[in-house]
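Within every chain, numbering begins at 1; the chains are lettered A, B, ... in the order of the sequence lines, protein sequences first and strands thereafter.
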Amino acid sequence: MVTWRLAPGSDPSRPSPYISPRIGRGRITSRPSPYISPRIGRGRIIRNRKVLTDSYLPPHLPGRDFQITTFDEYLEPLLYDEQPFDLAFTGKTGTGKTAVARHVLVRKMEELAGAPVKFLYLNCSQANTAYRVMYHLNRAFGILVPPSGYPFDVLFNNFKSVFEGGRLRVVLVLDELDLLVKRDGGRLLYGLTRLNGDLIERSSSLTIVGIANTPDFLERLEERTRSSFKPKRIYFPPYGAGELLDILRERAKLGLVEGTWSEEALSHIAAAVARESGDARRAIDLLRLAAELAEKDGSSARLEVRHAEAALDYVDEGEIEIVIRTLPFHHRLVLQAAAELLHRGDPRPGTGAVYSRYSALARRWQMRPLTLRRVSGILRELESQGVISLEMSYGGARGNTKVVTGMALRPDRMLAKLSKLGVR
DNA sequence: TATCCACCGGAAGATGGGGTAT
DNA sequence: ATACCCCATCTTCCGGTGGATA
């Protein structure tokens, strides 16, 4: 899974514990987004920077015709004032789920203007508890409630009363729903789906469109939720190289100055990303980064293959430093422990080794060390933030454990950053 | 093929810090 | 001041896990 990249000046015969940011699945790795120049667009090559971000909704969504048509058809009952099915979009990050949802909803809103239909979109990475989702739903209907400290039931009943007031069809899109389910276990989902059954008014209804990265999140719901929430599924496969190329072409056409990019550079990015993940967001980030590198390159006024290559290799130390700086204290100590072990030559320190080193560090700070269970969890958190990379080691009679196989910076650089930030 | 190691990771409960209402 | 609420973080408990080894 992890391919090694040699650190500058290191022994080429030995892999160094230095992961390239394009692997992994962490936050840094999946969205490098390093704005090299603080200028806002209008460079020699970049015409419109906004187009080169994943929040931009393009007019066309290459390769997603089937999903768009299917979603459209599933929403058709709204035209006849009937309740649509619940839906679930599944697929990995950057496969166009959110884009398709927004694309279709925008069209439907125009199509159904004036009808008693309301579309709501909520991202559960921000509203990641049942209470916060309800808080936003209340606000969406103009009901002001405190952001915390209030009984959940009150918020829920507020929301319910919205439907009892008269005819109303609501389509609620819950993006990154798996994050909410992970915490809440589907209790909110259960309540929301049951809501329809409780309504006396048959011309009111709530339809839920859940968007999730993990395909098995439905299976992981608790039993009673699974029996009441039975969505139709729409699957989003990873993009292939051809589709990614179509996406990049369109973004280049809209976001770059005409004639300042080579087709080969786009193909290079598309092929690399298709091989690695099929994540369109990653491809778009790389396009922007490559364009920025090309603008900085004095010897050319064009985005060429070498800029695409450079973008693929780019490590943004500043970005990683920001992540490290915002790490809680014990996370830093765990990271320091792992970095020290790697630096001292242990190529694959396990959880046990990291824990004993960490404990010593914590005691040096006159703090009671967290439990092994917690540190095990912290290692996973560091991994998902792209700071370290982990592998499972199946050691037979010597037991199974996670091992740290690398980090976003060379261990000595990591230690230097940590001590600069005051952990020592 | 049974056992064992050194953890893994889910579940549930404790803790403490934030809030609101009376 | 008191009695509720919400919520993130951490601890405790405990049934796995999978290949090496006896």
**Q** Can you pull out the residues from residues 135-145 of chain A that lie within a 4.0 Å heavy-atom distance of DNA chain C?
**A** none
**Q** Contact boundaries of DNA chain C with chain A (under 4.0 Å, heavy atoms), 5' to 3'?
**A** C:dC5 to C:dA20
**Q** Any side-chain N or O of A:T401 below 4.0 angstrom from OP1/OP2 of B:dA6?
**A** no
**Q** Using a cut-off of strictly less than 4.0 Å, decide whether A:K402 has a side-chain nitrogen or oxygen near OP1 or OP2 of B:dA6.
**A**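 Indeed not, no polar side-chain atom of A:K402 lies that close.
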**Q** Measure the distance from CG on A:L372 to C1' on B:dC8 and round it to the nearest whole Å.
**A**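 Computing the A:L372:CG to B:dC8:C1' distance gives 10 Å.
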**Q** The criterion is ring-ring contact (aromatic ring centres under 6.0 Å, His included); which residues satisfy it with A:F119, sequence neighbours excluded?
**A**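 By the ring-ring contact (aromatic ring centres under 6.0 Å, His included) rule, A:F119 matches no residue at all.
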**Q** Check this for me, if you would: do A:E381 and A:R374 make a salt bridge, where the nitrogen-to-carboxylate-oxygen distance has to be below 4.0 angstrom?
**A** yes
**Q** Would you mind reading off the bend of the helix from B:dT1-C:dA22 to B:dT22-C:dA1 from its two end axes, five pairs each, to 10 degrees?
**A** 10°
**Q** If the threshold is 4.0 Å, N to carboxylate O, is there a salt bridge linking A:E340 and A:R357?
**A** yes
**Q** Tell me whether A:K232 forms a cation-pi arrangement with A:F85, defined as NZ or CZ under 6.0 Å from the six-membered ring centre and within 45 degrees of its axis.
**A**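 Verdict for A:F85: a cation-pi partner in A:K232.
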**Q** Residues two or more places apart in sequence or in another chain: which of them pass side-chain contact (heavy atoms from CB on, under 4.5 Å) with A:S356?
**A**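 If we apply the side-chain contact (heavy atoms from CB on, under 4.5 Å) test to A:S356, skipping adjacent residues, there are no hits.
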**Q** Tell me, please, whether A:Y239 has A:R64 positioned over its six-membered ring: NZ or CZ under 6.0 Å from the ring centre and within 45 degrees of its axis?
**A**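 Yes, a cation-pi geometry.
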**Q** Reckon A:N128 touches a base, only the sugar-phosphate, or nothing at all at heavy-atom distances under 4.0 Å?
**A**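 The answer is sugar-phosphate, as A:N128 gets under 4.0 Å only of primed atoms, P, OP1 or OP2.
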**Q** Starting at the 5' end of nucleotides 11-22 of chain B, put B wherever the base has a protein heavy atom under 4.0 Å, S where only the sugar-phosphate does, and a dash everywhere else.
**A** --------BSS-
